[in-house]
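What follows is a single structure, written as structure tokens, with notes after it.
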There are 2 protein chains.
Amino acid sequence: MKVVILGGVAAGAKAAAKTKRLLPDSDIDLYTDDTHVSYSACGLPYYIQGNFADYKTLLVRSPEEFRAQGINIHLQSKAIKILPETKQVLIKSLSENRAFLVEYDQLIIATGARPVMPPIDNINLKNVFTLRKIEDGIAIRDKALVSKHVTVIGSGYIGIELLEAFIELGLKVTIVEFAPYVLPIFDNDMSKLIQEQLNSINNGRFEILTSELVTAFLSNDQGEVVGFKTGTGKEYNTDMVVICTGVKPNVEFARDAGIALGETGAIKVNKHMLTNIPNIYACGDCAEKTLIIDGSKVWIPLGSTANKEGRVAAINLAGGDEDFEGVLGSAVVRCLSFTMSMTGYTEKKAAQAGFQPVSAIVTKNDRVGYMPDVNNITLKLIADKTTGLLLGGQAIGAGDADKRINALTAALLGRLTVEEFTKNDLTYAPPFSPTIDPLLNAAQILINKIKKD
Amino acid sequence: MKVVILGGVAAGAKAAAKTKRLLPDSDIDLYTDDTHVSYSACGLPYYIQGNFADYKTLLVRSPEEFRAQGINIHLQSKAIKILPETKQVLIKSLSENRAFLVEYDQLIIATGARPVMPPIDNINLKNVFTLRKIEDGIAIRDKALVSKHVTVIGSGYIGIELLEAFIELGLKVTIVEFAPYVLPIFDNDMSKLIQEQLNSINNGRFEILTSELVTAFLSNDQGEVVGFKTGTGKEYNTDMVVICTGVKPNVEFARDAGIALGETGAIKVNKHMLTNIPNIYACGDCAEKTLIIDGSKVWIPLGSTANKEGRVAAINLAGGDEDFEGVLGSAVVRCLSFTMSMTGYTEKKAAQAGFQPVSAIVTKNDRVGYMPDVNNITLKLIADKTTGLLLGGQAIGAGDADKRINALTAALLGRLTVEEFTKNDLTYAPPFSPTIDPLLNAAQILINKIKKD
């Protein structure tokens, strides 16, 4: 059997390795437009920060290791067109400037996503970066090491991680966000608190501009960026810029071949990760996801999900029967001493989805107050007023916020009501939690709110 | 209405405060044989360690604060006899050496537990301690500050916390455990690893004796302990001893009044925390608990549970309708850089309860390997072979073990199978987790084991 895999960062690499284990006699060819395969893209901010010296640390498996397993890796080879009728893919070699057709019995599309470029004048100046691939990370780190000021446009997960990275490198940072507060994927009330908390540890190291739009970059004679202009007309100096205003799925060539996209614009797949066309699977950031809570369609591109989907696609391709049920929207990001973590629906998204969300916010110690390393966390818990069903949670702060969100995910998976969740027996000892965990405080308040009127 | 509460550490103090809020016009009298009321007994090891200077930090609410709320606190007042027919309790004043009858409309028994004293010759020597009350903590700290060597008998949660405390104080410690490994509440395979990990950071600071029994204490002319003798005949020198060989519920006076005990020997209660006698509630360490997983009866005395039960008893006493469903057996303990955390059934207890437990153990990084603060955790996951039902988990190590156990508790509460649990979407970012969390690795291995034969 001839298996062709398009894309090779997380989902594609995982699918290749798993397919070979399940079908040792199959021919597996992986084509990627990238110069690297099988790496932790999520680790790029930590490479830039200098947590490790060699970018090769990010490589999970080298092309040589794949080849030793009998998987052929074709770097700088971009999929241009899929021909489902003849089961062929047109591949363009980026290094040799030629194109060729390859045949497949089974095809896996794992072409990921690419940065969204906002409409900014002079966006092609030198030292204006996006962060997606290893070369991006290397270029950003090299430039950061000789810069004094960096501008980060967008304050999603990557923007926030880069804020930390550049601060740790000793650069002054300006982060520009179009929304009223940073991390707009959180509810506004939480994003506002995140911003206040970040500002509280500023110490002149960074500046957060919100409700601000970068309209143009300013350049010197060498075509290098030296500043930017905002919608309010103000001009700022900077030595380099990283644009982190989101990503979009690489799906155009798939759509052109008749592969259906979902309502989110990513490739529509069933629980087997199969597209609408037989023998063509899609997984990773190019594929649409299902929100387990209510079965609605979402597009939340994350490396952990990509790995799971690559595995499931390979199992089904090899004749197995494994479902990928979907995601809960769980995510976490760190900036210096602060953690911001969430799972499930935010209040705003829950309302858009037709729920009647009620929420409770508590700010509490993350462990008993007399412990020397006690810190605050602020926790928001969301449930549906009509059914009491838990819908999601957000936790932020210098304390152990991430533990609380991970304590919620199985409750969402099990479709527990907030009433049922109050029966939860979390671990307790003074170094780990107050006697009553903040999660249970929040759940109790939420119950009282639901019972009211 | 006249409400009498017997005992005032966690459950009793919580019940008193909650009752007063719900029934402002009630007369509430709390009798305790202790010299303090409403304190964090769980914090005593951290007071001994010196994490805070004043023991008063442990007090949640002072007798004066209770009195200001209209709750009468009677210290050093021990309940001797309950007379359910006449709704009276015979109280003995320990300070004044007199006894008197008090009347109640509703009675809450929250008399807690006391240390089990093992059969050791000369157990009443000076500088042989148990740790239960604030005075115990003060006496142990005072003696530790002038001692060079301490012996801890028993390696349950308190023994392990005291091991840390005494090491931090600079004492040499010998910990003596009758079982083959420390922390025998964990499965043997995990206890063995705990012991190996503790020994790996020993640095000559402590010695762990296992499968060893202390048979006698040795004394000097002043009646002070100076050593101990074990079952194998060996003699050891020491300056002080803390006996941590477990606790038993204070229930004898209740049993004598016709209040039914459960199969565990603690006071039998229903979900309202009501005993078999109308108007008499029991909560906290003196009361039996229900294991949520299968409804079996257990006795796991913990401060966090006591607080919840005190609250539920008060609500029902005040005419409300609130159930306490039970516990999952969740617990956590720290020793220096190591965390040991568990929830649900151990494999051995699951087998005793009639399940067919299968288990998977993985040792993994707690975050991505290239992060500077990465550490190992070893995780054991247990499920029933017949049904696939998740039964419990244990996690230990220098890494973030406690987060994984708290991620399991809602799965036990929601009675998820291990198959369902593999669909869990935990948070991921390099500082917090590997791409695939160790919990999901373990769940996958467990599924494969269940599917086999």
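Labels below follow one simple rule: chain letters A, B, ... track the order of the sequence lines, proteins then strands, and each chain is numbered from 1. Worth saying up front: this structure is predicted, and the values here are computed from it rather than measured.
Residue contact with chain A, scored on non-hydrogen atoms closer than 4.5 Å, involves the side chain of Met371(B) exclusively. Interface remark: Leu440(B) contributes side-chain atoms only to the contact with chain A (heavy atom separation under 4.5 Å). Heavy atoms of Val368(A) lying under 4.5 Å from chain B are absent altogether. The part of Tyr46(A) that comes within reach of chain B is its side chain, from C-beta onward, which places non-hydrogen atoms under 4.5 angstrom from that chain. Only the side chain of Ile292(B) has a heavy atom closer than 4.5 Å to any heavy atom of chain A. Contacts of Thr57(B) with chain A are made by both backbone and side-chain atoms, with heavy-atom separations under 4.5 Å. The contact between Gln444(B) and chain A is made entirely by side chain atoms (from C-beta outward), counting heavy-atom distances below 4.5 Å. If you measure heavy-atom distances from Glu161(A) to chain B, the contacts under 4.5 Å come from the side chain alone. Within the 4.5 angstrom heavy-atom criterion, no atom of Glu419(A) approaches chain B.
A distance of 9.0 Å separates CG in Asn406(B) from CG in Asp400(A), rounded to the nearest 0.5 Å. The distance from atom OG of Ser330(B) to atom CG of Asp437(A), rounded to the nearest 0.5 Å, is 11.0 Å.
The backbone N or O of Val327(A) lies less than 3.5 Å from no partner atom in the side chain of Lys423(B), so there is not a single donor-acceptor pair. In this structure, Asp425(B) contributes its side chain and Leu328(A) its backbone to a donor-acceptor pair below 3.5 Å.
Thr305(A) and Tyr428(B) share no side-chain donor-acceptor pair at under 3.5 Å. Checking Asn307(B) against Thr435(A) by side-chain atom types alone, no donor-acceptor pair falls below 3.5 Å.
Between Thr427(A) and the choices Asp402(B), Thr343(B), Thr339(B), the side-chain hydrogen bond (donor to acceptor under 3.5 Å, both in side chains) rule is met once, by Asp402(B).
Between chain A and the residues Glu325(B), Gln49(B), Glu420(B), Met342(B), the most heavy-atom pairs under 4.5 angstrom are made by Glu325(B). In terms of non-hydrogen atom pairs under 4.5 Å with chain B, the most contact-rich of Ala10(A), Ala407(A), Ser341(A) is Ala407(A). With chain B as partner, the option from Gly303(A), Gly369(A), Gly326(A), Ala331(A) having the largest number of non-hydrogen pairs under 4.5 angstrom is Ala331(A). The candidate from Ser304(A), Ala429(A), Gly329(A), Pro372(A) with the greatest count of non-hydrogen atom pairs under 4.5 Å with chain B is Ser304(A).
Residues Thr422(A) and Lys308(B) form no side-chain contact, since every pair of their non-hydrogen atoms from C-beta on lies 4.5 Å or further apart.
Identified by a heavy-atom distance below 4.5 Å to chain B, the contributing residues of residues 409-418 of chain A are Thr409(A), Ala410(A), Ala411(A), Leu413(A), Gly414(A), Leu416(A), in residue-number order.
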Requested in this report: Begin with the C-alpha distance, continue with both residues' side-chain angles, and end with the deciding distance and a verdict on side chain to side chain contact (heavy atoms under 4.5 Å, CB included) for Tyr370(A) and Asn51(B).
Outcome: CA-CA 7 Å; Tyr370(A) 52 68; Asn51(B) 277 332; 5.9 Å; no
